[in-house]
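Written out below as structure tokens is the structure these notes cover.
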Amino acid sequence: MNAVKQDRHHDHSLVEILAVLGIDLLLLCLTLIAGASRAGLIQTLPLAQLSMPTAAPTMNVVAAGYSSTTQPATPTPDPRPPLRALAEARGLLVGVSVAPWWLEDPHYSALLTRQFNAIIPENAMKWDTIHPEPDRYDFSQGDAIVEFARRNGLKVRGHTLAWGNQLSQWMLEGDFTRDQWIQILHDHIITVVGHYRGANNDHTVFAWDVVNEAVGLQGELYSNFWLQKIGPEYIPLAFQFAHEADPDALLFYNDNGGEGLNPKSQGIYNLVQGLVKSDVPIDGVGLQLHTDTFIAPSEAELVANMKRLANLGLQVHITEMDVRVQNIKKSLSEKLQDQAGIYRRVISACLASPNCTGFFTWGLTDRFSWIPGHTGYPDAPLLFDENYQPKPALDAILEMLK
Ligand code: G3I
């Protein structure tokens, strides 16, 4: 008994000594680290960012796209010919995605109507907004956008009729048979496309993303809501319903990540080739191009992909381009030069492809980009900064269109 105990007592004083030594050592290390970081020898990052890309120090929260607190200053007039004029001279549509409330900002709408000739409702025509209850449609947001377009001589790409996201609650809770889901899809497309065909048939809404993001990374059909409820037939059915509702509208299959040559773009090619072969009314493919300087496809791949789609008689629209810079570890001005290189590459590929008839970015200004909200990090992915000032990316595109 004594021996064991004895040892522990002896151990006690040793433990105390070690503890004191340990604390001193720890304090010494921390002092050394603090000293080194003050001296800039090492960079200490907030824990949250240790594993993630750092944000360029000069990018402010507004550029993060979170709600903009300050009204942008009146943008300095740009003496150069606007993008719209140069594009129209080449018969090219150039546009941006919008929300109705952004159009109320006079600086925003002045810049948009000067530089672009087409717009896309970013969310206003999706199921959860336009068809909130089984027997109720809400066209208010879509109508505001289409009215703005009519007033300013802009075209509208309708977005989107059959997609697995942003569906209304009644659908997610709905217990319907396959045939009932086909009827629901039919009635929705007939009603929405019919509504925007427009009383005076002026084709303001001249094209639709009929089916969106239905192909997976390996080229397989993506298991989304409609594939589960109806099966692969939902794709040709959606195109037939849209054509029935507006025989003059251009009908597109739209997707992301299938812009260059890869298993996904092969899957998209096989899908649209099948639709063309079975006389399904499809007119084009939308290449979204949500990209960055690391994953952007080469110009050669873009041209080759557009060419094979041309051989199917299909048009191509670049539908949702934005180029993230949050992952680049360079100064903001260097990041924006790299970004301009990607925009130059894509517009060059489009100009080299006669079937590329439209070029759209997913937003007009960094102030309202969806990306920071989606990634949780500040970014500046578009042609105009949060103060509506043109960026090197716009310079690159204007240069190519001259
Ligand atoms: O409308 C609700 C509002 O009532 C609520 O207060 C607010 C707060 O949560 O959310 C609002 O809904 C948001 C909606 O945008 C409208 O602003 C959703 O949360 C948000 O998830 C949704 O994000 C949109 C996203 O699609 C949804 O998938 C983005 O704005 C939009 O840019 C993005 O666009 C898609 C294209 O349609 C298809 N291709 C990819 C592209 C980027 O994801």
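These figures come from a predicted structure and were not determined experimentally. Both ligands and their constituent atoms are indexed starting at 1 by order of listing. Numbers here are sequence positions counted from 1.
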Any protein heavy atom nearer than 4.0 Å to atom 42 (C) of ligand 1: yes

From the candidates Gln141, Lys126, Glu122, the one that places a heavy atom nearest atom 26 (O) of ligand 1: Lys126

Between CD1 on residue Ile318 and OH on residue Tyr343, distance to nearest 0.5 Å: 11.5 Å

Verify atom 10 (O) of ligand 1: protein non-hydrogen atom under 4.0 angstrom away: no

Salt-bridge criterion met for Asp78 and Arg114 (N-O under 4.0 Å): no

Heavy-atom gap His374 to ligand 1 smaller than 4.0 Å: no

Option with minimal heavy-atom separation from atom 39 (N) of ligand 1, where the choices are His290, Glu213, Gln166: Glu213

Donor-acceptor side-chain pairing of Asp143 and Tyr196 below 3.5 angstrom: yes

Sub-4.0 Å protein heavy atom next to atom 32 (O) of ligand 1: yes

Atom 13 (C) of ligand 1 protein-contacted, heavy-atom criterion under 4.0 angstrom: no

Ligand 1 contacted by Asn256 (non-hydrogen, < 4.0 Å): no

Proximal ligand 1 atoms for Trp370, defined as those under 4.0 Å from one of its heavy atoms: 32 (O), 42 (C), 43 (O)

Atom 36 (C) of ligand 1: any protein heavy atom closer than 4.0 Å: yes

Protein non-hydrogen atom found under 4.0 Å from atom 5 (C) of ligand 1: no

CG-CG distance between Leu314 and Leu251, expressed to the nearest 0.5 angstrom: 11.0 Å

Asp385/Arg367 salt bridge by N-O under 4.0 Å criterion: no

Where ligand 1 meets Asn212 - atom numbers and elements under 4.0 angstrom, heavy-atom basis: 38 (C)

Distance-only side-chain donor-acceptor flag, Asn270 / Gln266, under 3.5 Å: yes

Subset of ligand 1 atoms that lie under 4.0 Å from at least one heavy atom of Gln288: 39 (N), 40 (C)

Check: Trp208 ring centre within less than 6.0 Å of Trp163 ring centre: no

Check: His290 ring centroid to Trp370 ring centroid under 6.0 Å: yes

Atom 19 (O) of ligand 1 protein-contacted, heavy-atom criterion under 4.0 angstrom: no

Test item: Lys335 and Gln339 side chains (from C-beta on) under 4.5 Å apart, heavy atoms: no

